[in-house]
Number of protein chains: 2
Amino acid sequence: MRGEPLDAETIVSATEEVLRRHGPEKATVLDVARLLGVSHGSVYRHFPSKAALREAVIRRWLDRVQEQLAAAVQAPGLTPPDRLRALLTAMFAAKWAKAREDPELFATFRVLAMEHSSVSSAHIAFLLAQIRAIVADGIAGGDFAAGEPEVIARAVLNATSRFHHPTHAPEWRSPEVEAESEDVVSLILNGIRAR
Amino acid sequence: MRGEPLDAETIVSATEEVLRRHGPEKATVLDVARLLGVSHGSVYRHFPSKAALREAVIRRWLDRVQEQLAAAVQAPGLTPPDRLRALLTAMFAAKWAKAREDPELFATFRVLAMEHSSVSSAHIAFLLAQIRAIVADGIAGGDFAAGEPEVIARAVLNATSRFHHPTHAPEWRSPEVEAESEDVVSLILNGIRAR
DNA sequence: GGAATGACAGATAGCAATATTTGTCAGCCA
DNA sequence: TGGCTGACAAATATTGCTATCTGTCATTCC
């Protein structure tokens, strides 16, 4: 019934569009099929369930954010403390921008996070790995005090929950958040710095 | 219609009971009046609205928690770092216990927090004041590095959101929370300690 | 033969009529 | 007279009915 072949990537893009327009509550797989001009049975050929579709959209969406974050840390000539500050700042900025500019997709992400979906676990694992790598570097180079990088990374992520966890998104509209996040980041950097 | 005089305190107690049984969604002021054996008009003589009633219950409930916390910090012979650790630990323990043992009342507190009720603002102000006092003491005594106590107190509260903010309550069931909270507290204490 | 369709059953959401609740207030009664 | 009552309007919640949606699969169509 259509010229182009129907593949998973096309379906994910259409789903992203539907989610952006209707939000996670109202979006249906019938909407997705209608947008693609196919029957909903065809969508189920590529994805086993509506939940899997949602997850695929958010997985791709987070992959792009993660690419940005990885790039932010690669800036040359930065010491571990500066790299950690850059990573955390970039992470907050990315989340805040998404919550503001793409509220419906962000709401979908929030739903997955509350459901403990594997997609959000993977995202947390990515963030922990990035932090841990910088922390390990910093310990090796003498910038940071000795310690277990895994434990420290988790503590850093936990201490910054308010600025990146989607459950706090409504608070990010306040104009003080940016200053408060900087104060927390400074506190953390002081906490792990070598004495 | 009843022997005893009806006063605000009695109504608040009855409302607490109704909230505990039915939760913030299902509880009605008609339930409260029924439990007291009076008409709902009598309840409205003492409280202007259902919202005011809810707030009075949670205000009293938080007052008791705050008394406990204030006591935890008064322990004699403790240095400011130890007092700060004791305060934060007691604060987490109090919240976790309430969330577990009194889930419906805690859910009511959560609703007020999300609505930015003056009750929850007052609670935050109390916590900030307690932390600020200890921080100021610590700076004066040379235990903590110089800095603005108000700003540091806010950073400490923000960095521990995950362990006391009601929006994170579902995560408190995980057995790792306690260890993770200790790691964050240690990180924070390191961050403000004098070098 | 492999992809797409559309009919289908069970689950879920929307809708409109109904019932309950919130908040007010004139009057009651101790 | 001062607290209490219960009738009331408006707002909100509940109910039962109908629509739509999810997920499956036998059938159709290149």
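Labels below follow one simple rule: chain letters A, B, ... track the order of the sequence lines, proteins then strands, and each chain is numbered from 1.
Each of B:Val29 and B:Gly41 was assigned the nucleotide of DNA chain C with the nearest heavy atom; the assignment lying further toward the 5' end belongs to B:Val29. Each of A:Ala27 and A:Arg45 was assigned the nucleotide of DNA chain D with the nearest heavy atom; the assignment lying further toward the 5' end belongs to A:Ala27.
For A:Ser186 and A:Asp183, the side-chain atoms include no donor-acceptor pair closer than 3.5 Å. Side-chain contact annotation: B:Arg60 with B:Ser13, donor-acceptor N/O pair under 3.5 Å present.
We find that NE2 of B:His22 is positioned 14 Å from C1' of C:dT21, with the value rounded to whole Å. Here the C1' atom of nucleotide C:dT5 and the CZ atom of A:Arg34 are 16 Å apart, to the nearest Å. If you measure from atom CG of B:Asp7 to atom C1' of D:dC4, you get 15 Å, rounded to the nearest angstrom. Distance B:Glu25 CD to D:dT12 P: 14 Å, rounded to the nearest Å. Rounded to a whole Å, the CZ atom of B:Phe47 is 16 Å from the C1' atom of D:dC4. Look at CG on A:Leu53: it is 15 Å from P on D:dC21, rounded to the nearest Å. Rounded to whole Å, the distance from CG on B:Leu6 to C1' on D:dT5 is 13 Å. Spacing between atom OH of B:Tyr44 and atom P of C:dG23 amounts to 4 Å, rounded to whole angstrom units.
A 3.5 Å limit on both hydrogen-bonding distances identifies no Watson-Crick or G-U partner for D:dA19. The partner of D:dG6, taking Watson-Crick or G-U wobble pairs whose two distances both stay under 3.5 Å, is C:dC25.
For B:Ile139 against B:Ala145, the heavy-atom pair with the smallest separation is CG1-O, 3.5 Å.
Distances shorter than 4.0 Å separate some side-chain N or O of B:Ser39 from OP1 or OP2 on D:dT5. Considering only side-chain N and O atoms, A:Thr28 lies nowhere under 4.0 angstrom from the phosphate OP1 or OP2 of D:dT20.
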Protein and nucleotides 8-14 of chain C: nitrogen or oxygen contacts under 3.5 angstrom:
from   : atom 1 : to      : atom 2 : distance (Å)
C:dG14 : OP1    : A:Lys26 : NZ     : 3.3

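Between B:Glu104 and B:Arg20 no salt bridge is recorded (no basic side-chain N to carboxylate O distance below 4.0 Å).
Below 30°, between 30° and 60°, or above 60°: for A:His40 and A:Tyr44 the angle between ring planes is above 60°, a perpendicular geometry.
In this structure, CZ on A:Phe92 lies 11.0 Å from CD on A:Glu178, to the nearest 0.5 angstrom. With rounding to the nearest 0.5 Å, the separation of CE in A:Met91 from CD in A:Gln130 is 10.5 Å.
For C:dA26, the glycosidic angle deviates from 0 by more than 90°, giving an anti base.
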